[in-house]
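Before any comments, here is the structure.
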Amino acid sequence: MLVAVTLTAVTGVRTAARLQTGLLVFEYVVLLGFCGYGIVTGPHAFSLSWFDPFAIPSASALAQGLLLSVFCYWGFEAAFSVNEEVRDARDASRAGITTLVTMLGLFLLGSVAFQRVLSEPELAGHGAQGLAYFGDRLASRPVAALPLVALMFSAVASLQAGVIPTARAMFAMSRDRTLGPVWSRVNARYGTPAAGTLLIGALAATVAALALVIPRLADMIMATVNAVGLVVALSYALTGLAAAVRFRGLLREDWRQGVRAALLPALSALALLGLGGYLGWSFYRSTDHLAPRADNGWFLLLMPTLMVVSGFAAAWAKWVRRSPYFRTGRGTDADAPQLLAAQS
């Protein structure tokens with residue numbers, strides 16, 4: 001699966017978009033059909049308390065749920081990472097906003113449908129198998145297996161949505177000489193960062209293979225998945241702060257655009273930092289020792305901490321490579337011609 005997704009990403013955005021379209025059409029038909037049927041026929045009465053944040057039993061659970069929702073939205077920005085590969089860059093931004101609104105509607109639909117069909121003990125007891133159990137409650141085999149097939153297609157789509165923007169981010173960093181030149185090599189036939197895309201696929205395949213034979217590595221990956229909301233929240237928060245700094249001048253020139261481009265991102269970043277900090281503190285207080293288990297709070301903190309620390313390798317680009325990205329004080333796409341000229 002990973003090999004097929006990687007090769008599809010190498011051939012370009014057009015091929016990837018065709019694959020995504022086919023996958024999404026099937027997923028949406030199955031999801032809308034089962035959720036719609038569940039909402040109409042579910043045995044449990046609808047309740048507004050399902051959307052009441054004050055009904056959540058603890059602040060820690062609320063924070064974890066909010067960060068989980070951030071993780072669920074992780075990947076929508078894949079559309080923004082290919083704005084140099086579409087006919088009109090505005091198409092990428094419109095696609096990103098459309099994705100956000102569509103995902104919100106689907107999450108709300110699924111939330112209502114699941115709670116109409118399943119009781120709280122059933123929801124809590126089935127966890128990751130909740131979708132398969134949901135399908136079994138609404139239909140008999142083989143129709144009941146369709147949600148599970150849709151979940152598998154979703155995994156393929158998520159892999160692709162991870163490979164493509166990661167390769168483009170590596171490309172941008174290589175162009176600014178914060179990473180090595182291999183990441184910015186563009187395939188002459190497809191016009192994509194093919195070498196970087198293949199490297200990402202190879203790294204992911206290596207980690208997956210090692211996780212199958214090294215139990216401790218599997219625990220580390222599971223802990224990373226459990227705590228990835230912290231990393232995603234930090235990533236979005238830093239992006240929001242960067243946007244606020246970059247566009248702060250708009251607050252003086254056009255306050256409406258300044259609010260959207262600088263003030264709201266800054267407030268969102270502070271909210272995410274607060275949520276991440278609170279959840280991190282909850283992890284820290286949940287235990288008094290470090291153990292390599294996916295349910296150990298200190299271990300849950302260790303994994304995202306190692307991921308963040310690995311980012312300090314950028315110091316090599318600043319002090320050894322002497323990247324123009326750091327010396328000019330700029331580094332946005334608008335400054336790319338100057339940066340490329342400085343490299344040459």
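Along the sequence shown, residues are numbered consecutively beginning with 1.
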Completion exercise
For L241 and L273 the tightest heavy-atom approach is CD1-CD1, 4.2 Å
Practice task
Quickly, which of L272, L279, L300 forms a side-chain contact (heavy atoms from CB on, under 4.5 Å) with L230? Name it, please.
Solution key: L279
Handout entry: More than 12 heavy atoms from other groups under 6.0 Å of CE on M103
Key = yes
Handout entry: Contacts of T41 that satisfy side chain to side chain donor-acceptor pair (under 3.5 Å) - sequence neighbours left out
Key = none
Completion exercise
Of all heavy-atom pairs linking V5 and L159, the shortest is CG1-C, 3.9 Å
Practice task
Begin from the C-alpha positions of F153 and L24 and carry the test side chain to side chain contact (heavy atoms under 4.5 Å, CB included) through to its verdict.
Solution key: CA-CA 8 Å; F153 283 4; L24 289 176; over 6 Å; no
Problem - Within 6.0 angstrom of Y284 OH, more than 12 heavy atoms from elsewhere - result: no
Exercise for the section: For side chain to side chain contact (heavy atoms under 4.5 Å, CB included), just list the numbers for W183 and I200, CA-CA rounded to whole Å, side-chain angles, deciding distance to a tenth of an Å, and then say yes or no. Expected result: CA-CA 10 Å; W183 299 100; I200 291 169; 3.8 Å; yes
Handout entry: Non-hydrogen atoms of A144 and D136 that approach each other most closely
Key = CB-OD1, 3.4 Å
Handout entry: Main-chain N/O of V112 paired with Q115 side-chain donor or acceptor, under 3.5 Å
Key = no
Exercise for the section: Measure from the side-chain N and O atoms of S111 to the backbone N and O of F107, and report whether any donor-acceptor pair falls under 3.5 Å. Expected result: no
Practice task
Give a yes or no on whether R248 atom CZ has more than 12 heavy-atom contacts from other residues, nucleotides or ligands under 6.0 Å away.
Solution key: no
Practice task
Would you confirm whether S174, through its side chain, and M170, through its main-chain N or O, come within 3.5 Å as a donor-acceptor pair?
Solution key: no
Practice task
Kindly say whether V231 contributes a backbone atom to a donor-acceptor pair with the side chain of S235 at under 3.5 angstrom?
Solution key: no
Problem - Backbone N/O of A150 and side chain of S154: donor-acceptor pair under 3.5 Å - result: no
Handout entry: For R116, salt bridge (Lys or Arg N to Asp or Glu O under 4.0 Å) partners two or more places apart
Key = none
Completion exercise
On a heavy-atom basis, the closest approach of A261 and L250 is CB-CD1, 3.9 Å
Problem - More than 12 heavy atoms of other groups within 6.0 Å of Y37 OH - result: no
